[in-house]
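All values below were derived from every heavy atom in this structure, side-chain atoms included, with hydrogens, water molecules and symmetry-related copies excluded. This is a predicted model, so every value here is computed, not measured. As the structure lists them, so they are numbered: ligands from 1, and atoms in each ligand from 1.
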Amino acid sequence: MVKAVVAGASGGIGQPLSLLLKLSPLVSELALYDVVNTPGVAADLSHISSNAKTTGYLPPNDGAKAAFKDADIIVIPAGIPRKPGMSRDDLFNINAGIVKGLIEVAAEVAPNAFILVISNPVNSTVPISAEVLKSKKVFNAQRLFGVTTLDIVRAETFVAELAGKSNPQELNVPVIGGHSGETIVPLFSKVTPSVTIPDEKYDALVNRVQFGGDEVVKAKDGLGSATLSMAYAGYRFAEKLLKAVAGVKGLVEPSYVYLPGIPGGKEIAEKTGVDFFSVPVELGPNGAEKALDILGDITEKEQKLLNAALEGLKGNIKKGVDFVHTPPQK
Ligand SMILES: NC(=O)C1=CN([C@@H]2O[C@H](COP(=O)(O)OP(=O)(O)OC[C@H]3O[C@@H](n4cnc5c(N)ncnc54)[C@H](O)[C@@H]3O)[C@@H](O)[C@H]2O)C=CC1
Ligand SMILES: O=C([O-])CC(=O)C(=O)O
């Protein structure tokens with residue numbers, strides 16, 4: 001019996017993500033929370049003849065608490081998306097407060113839930129989430145995930161295109177670091193089965209993975225950012241986690257996590273100098289069972305990308321942590 005919650009369920013990501021979760025045999029109860037439209041989205045999905053009992057909640061009458069109560073997994077795509085010309089960090093002023101509020105509710109009524117944060121800027125919203133959970137004394141790093149799966153999905157797609165592979169999903173393309181521009185670090189030297197990226201195509205491929213989000217923002221021309229590919233990516237991560245929790249072994253996916261709280265993570269935090277970082281994570285009944293160090297033997301070019309990523313990440317992390325500890329302006 002798994003209760004899943006989507007917070008931001010009426011949005012561009014929220015609706016298709018809720019559809020995928022409604023179809024999952026792993027989910028028995030699906031609670032949809034948003035500030036608008038959830039009764040309609042829930043009524044619509046509830047007519048699908050799959051297992052999950054689907055309900056919608058709005059803010060009145062403590063709707064968030066009712067939606068989140070005793071959840072096993074809470075997926076958060078709530079908040080505003082980018083328009084052309086904006087960076088993910090430009091979303092901070094609005095989305096930081098939204099995520100903080102939702103995590104406060106989760107801490108109170110579902111302190112053991114796995115929490116998957118999609119809302120941008122992920123580099124900062126995950127530190128915000130950790131700090132809120134710490135302040136409520138219910139933080140378990142093994143249960144908090146920043147969803148960076150879309151970077152992996154894009155990398156698989158673009159590498160397969162370049163290498164002439166017909167099925168991108170047969171490729172494993174590790175992408176580490178954070179989730180914005182230069183903080184995204186694809187490790188093409190570690191692709192399995194291995195591929196050869198011609199030297200003259202390397203920079204453009206890295207750039208496409210790092211700025212794939214901008215490609216979609218530009219194409220949508222003011223109407224938002226990636227939603228359908230993100231719903232797929234969010235579902236892919238959630239499904240892997242739920243399978244691992246149910247006992248399936250050997251499931252690994254990169255995620256942006258609090259390294260010092262995860263077995264194997266402390267060493268990576270010491271090496272990189274950052275506490276929040278995306279690395280391949282072995283999933284299991286407790287969530288993130290192990291952070292895998294794949295930083296050894298990376299190429300010189302990858303080391304340069306990593307150095308640039310770490311610079312950017314430090315500021316993003318500090319901004320998130322400070323946000324939780326700075327008293328609101330009067
Ligand atoms: N992690 C990743 O790889 C990706 C993250 N994103 C991020 O996901 C977020 C959502 O994107 P979209 O779905 O396209 O935006 P959207 O605007 O279509 O949907 C967001 C939803 O959040 C709801 N919302 C706002 N405040 C809320 C609150 N306090 N509680 C509950 N719901 C609330 C809105 O009513 C809306 O339905 C954005 O911040 C975007 O940047 C988008 C793509 C990829
Ligand atoms: O680009 C954006 O703002 C949305 C996002 O995170 C992505 O598509 O990777």
Side-chain angles (χ1 to χ4, degrees), residues 5-19 31-41 56-60 62-65 67-68 74-106 116-126 128-129 145-155 157-158 175 177-181 183-184 208-220 222-238 253-256 278 316:
V5 175
V6 179
S10 304
I13 297 167
Q15 290 204 35
L17 176 61
S18 300
L19 170 63
L32 308 182
Y33 178 69
D34 200 302
V35 292
V36 291
N37 294 344
T38 37
V41 177
Y57 299 85
L58 291 168
D62 271 342
K65 277 192 197 170
F68 285 32
I74 299 172
V75 192
I76 306 184
I80 57 162
R82 284 199 285 165
K83 287 189 172 17
M86 291 171 83
S87 72
R88 290 184 184 78
D89 189 54
D90 291 335
L91 305 173
F92 186 96
N93 286 347
I94 292 178
N95 290 355
I98 292 176
V99 171
K100 179 170 177 274
L102 293 169
I103 298 291
E104 280 165 355
V105 177
L116 279 53
V117 180
I118 292 174
S119 314
N120 271 316
V122 166
N123 292 358
S124 305
T125 52
V126 175
I128 288 173
S129 304
F145 302 92
V147 182
T148 54
T149 319
L150 183 53
D151 301 318
I152 289 102
V153 168
R154 287 185 177 128
T157 306
F158 304 154
V175 182
H179 178 67
S180 74
T183 68
I184 299 171
R208 195 156 182 224
V209 173
Q210 290 186 327
F211 295 92
D214 296 62
E215 213 176 283
V216 181
V217 169
K218 194 163 168 235
K220 291 201 173 177
L223 294 180
S225 55
T227 54
L228 302 171
S229 51
M230 182 60 234
Y232 163 74
Y235 179 67
R236 170 166 139 171
F237 189 83
E253 189 83 70
S255 177
Y256 185 71
S278 187
N316 295 157

Nitrogen or oxygen atoms of Asp214 and ligand 2 under 3.5 Å apart: no
What is the distance from atom CG of Asp214 to atom CE of Met86, rounded to the nearest 0.5 Å? 12.0 Å
Measure the distance from atom 7 (C) of ligand 2 to every protein heavy atom, then report the residue, atom name and distance (to 0.1 Å) of the closest one. Arg88 NH2, 3.3 Å
Heavy atom of the protein closest to atom 8 (O) of ligand 1 (residue, atom name, distance): Ile13 CD1, 3.3 Å
Under the 3.5 angstrom rule, does the side chain of Ser278 hit a backbone N or O of Pro254 as a donor-acceptor pair? no
Which atoms of ligand 1 are found less than 4.0 Å from any heavy atom of Gly12? 13 (O), 16 (P), 18 (O), 19 (O)
Looking only at heavy atoms, which two atoms of Val5 and Ala67 are closest? And how far apart? CG2-O, 3.3 Å
Given Asp90 and Arg82, is the side chain to side chain contact (heavy atoms under 4.5 Å, CB included) satisfied, shown in steps? CA-CA 8 Å; Asp90 291 335; Arg82 284 199 285 165; over 6 Å; no
Considering only the protein, which heavy-atom contact is closest to atom 29 (N) of ligand 1, and what is its distance? Ile98 CG2, 3.6 Å
Regarding ligand 1, does Thr227 bring an N or O atom to under 3.5 Å of one of the ligand's N or O atoms? no
Around Lys220, counting heavy atoms of other residues, nucleotides and ligands shown, do more than 12 lie under 6.0 Å from its NZ? yes
For ligand 2, which atoms sit closer than 4.0 Å to a heavy atom of His179? 5 (C), 6 (O), 7 (C), 9 (O)
Proximity winner for atom 15 (O) of ligand 1, if only heavy atoms of Pro81, Ala64, Gly11 are counted: Pro81
Check whether Ser225 reaches the backbone of Pro81 with its side chain - one donor and one acceptor, N or O, closer than 3.5 Å. no
Check whether any side-chain N or O of Thr125 sits under 3.5 Å from a backbone N or O of Asn120 as a donor-acceptor pair, and report yes or no. no
May I ask you to identify, for Asn120, whether its side chain, its backbone, both or neither come under 4.0 Å of ligand 2 on a heavy-atom basis? side chain
What are the two closest non-hydrogen atoms of Ala78 and Leu102, and how far apart are they? CB-CD1, 3.6 Å
Considering heavy atoms of the protein only, find what lies nearest to atom 33 (C) of ligand 1 and give residue, atom and distance to 0.1 Å. Ala78 CB, 3.7 Å
If you take the nearest heavy atom of each of Asp34, Val41, Val117, which one is closest to atom 24 (N) of ligand 1? Asp34
Specify the protein heavy atom at minimum distance from atom 39 (O) of ligand 1: its residue, its atom name, and the distance to 0.1 Å. Ile80 O, 2.9 Å
For ligand 1 and Val147, I'd like to know whether there is a polar contact (N/O to N/O, distance under 3.5 Å). yes
For Val216 and ligand 2, answer yes if some heavy atom of the residue is under 4.0 Å from a ligand atom, otherwise no. no
Would you mind running through ligand 2 and noting each atom that sits below 4.0 Å from a heavy atom of Leu150? 7 (C), 8 (O), 9 (O)
Suppose we measure from atom 31 (C) of ligand 1 to each protein heavy atom; which comes out shortest, and what is that distance? Tyr33 CE2, 3.6 Å
Enumerate the atoms of ligand 2 whose separation from the nearest heavy atom of Ala226 is less than 4.0 angstrom. 8 (O)
Test item: Leu17 and Met230 side chains (from C-beta on) under 4.5 Å apart, heavy atoms: no
Could you walk me through whether Asn123 and Thr183 pass the side-chain hydrogen bond (donor to acceptor under 3.5 Å, both in side chains) check? CA-CA 9 Å; Asn123 292 358; Thr183 68; 3.2 Å; yes
Does the pair Val105 and Tyr33 meet the rule for a side chain to side chain contact (heavy atoms under 4.5 Å, CB included), with working shown? CA-CA 12 Å; Val105 177; Tyr33 178 69; over 6 Å; no
For atom 9 (O) of ligand 2, which candidate among Glu215, Arg154, Arg82 provides the closest heavy atom? Arg154
Which atoms from ligand 1 have a heavy atom of Val122 less than 4.0 Å away? 1 (N)
Note: ligand 1 atoms sitting under 4.0 Å from heavy atoms of Val36 are 35 (O)
With the side chain counted from C-beta on, respond yes when Ser180 and Asp89 share a heavy-atom pair under 4.5 Å apart, and no when they do not. no
Applying a strict 4.0 Å limit to heavy atoms, is Ala226 in contact with ligand 1? yes
Mark the output for Met86 as yes if a heavy-atom distance to ligand 2 is under 4.0 Å, and as no if none is. no
Checking side chain to side chain contact (heavy atoms under 4.5 Å, CB included) for the pair Leu19/Tyr235: CA distance, chi angles, key distance, verdict? CA-CA 10 Å; Leu19 170 63; Tyr235 179 67; over 6 Å; no
Stepwise side chain to side chain contact (heavy atoms under 4.5 Å, CB included) check, Val175 with Arg154: CA-CA 10 Å; Val175 182; Arg154 287 185 177 128; over 6 Å; no
CD1 on Ile184 to CD on Gln210, rounded to 0.5 Å: 6.5 Å
Nearest protein heavy-atom contact for atom 41 (O) of ligand 1: which residue, which atom, what distance? Asn120 ND2, 2.9 Å
If you scan protein heavy atoms around atom 44 (C) of ligand 1, the nearest is Met230 SD, 3.2 Å
Below 4.0 Å from ligand 1: does a non-hydrogen atom of Gly224 turn up there or not? no
Hey, what do you get for OG1 (Thr148) to CD1 (Ile118), rounding to the nearest 0.5 Å? 11.0 Å
Test Leu116 against every option in Thr149, Val147, Val6 by the side-chain contact (heavy atoms from CB on, under 4.5 Å) rule and name the one that passes. Val147
A student checking ligand 1 against Leu91 at a 4.0 Å heavy-atom cut-off should list atoms 41 (O)
Protein residue, atom and distance nearest to atom 1 (N) of ligand 1, heavy-atom basis: Ile118 O, 3.1 Å
Applying a 4.0 Å heavy-atom criterion (strictly less than), which segment of His179 is in contact with ligand 1: side chain, backbone, both, or neither? side chain
Check whether any N or O atom of Ser225, backbone or side chain, sits under 3.5 Å from an N or O atom of ligand 1, and answer yes or no. no
Any N or O on Asn95 sitting closer than 3.5 Å to an N or O of ligand 1? yes
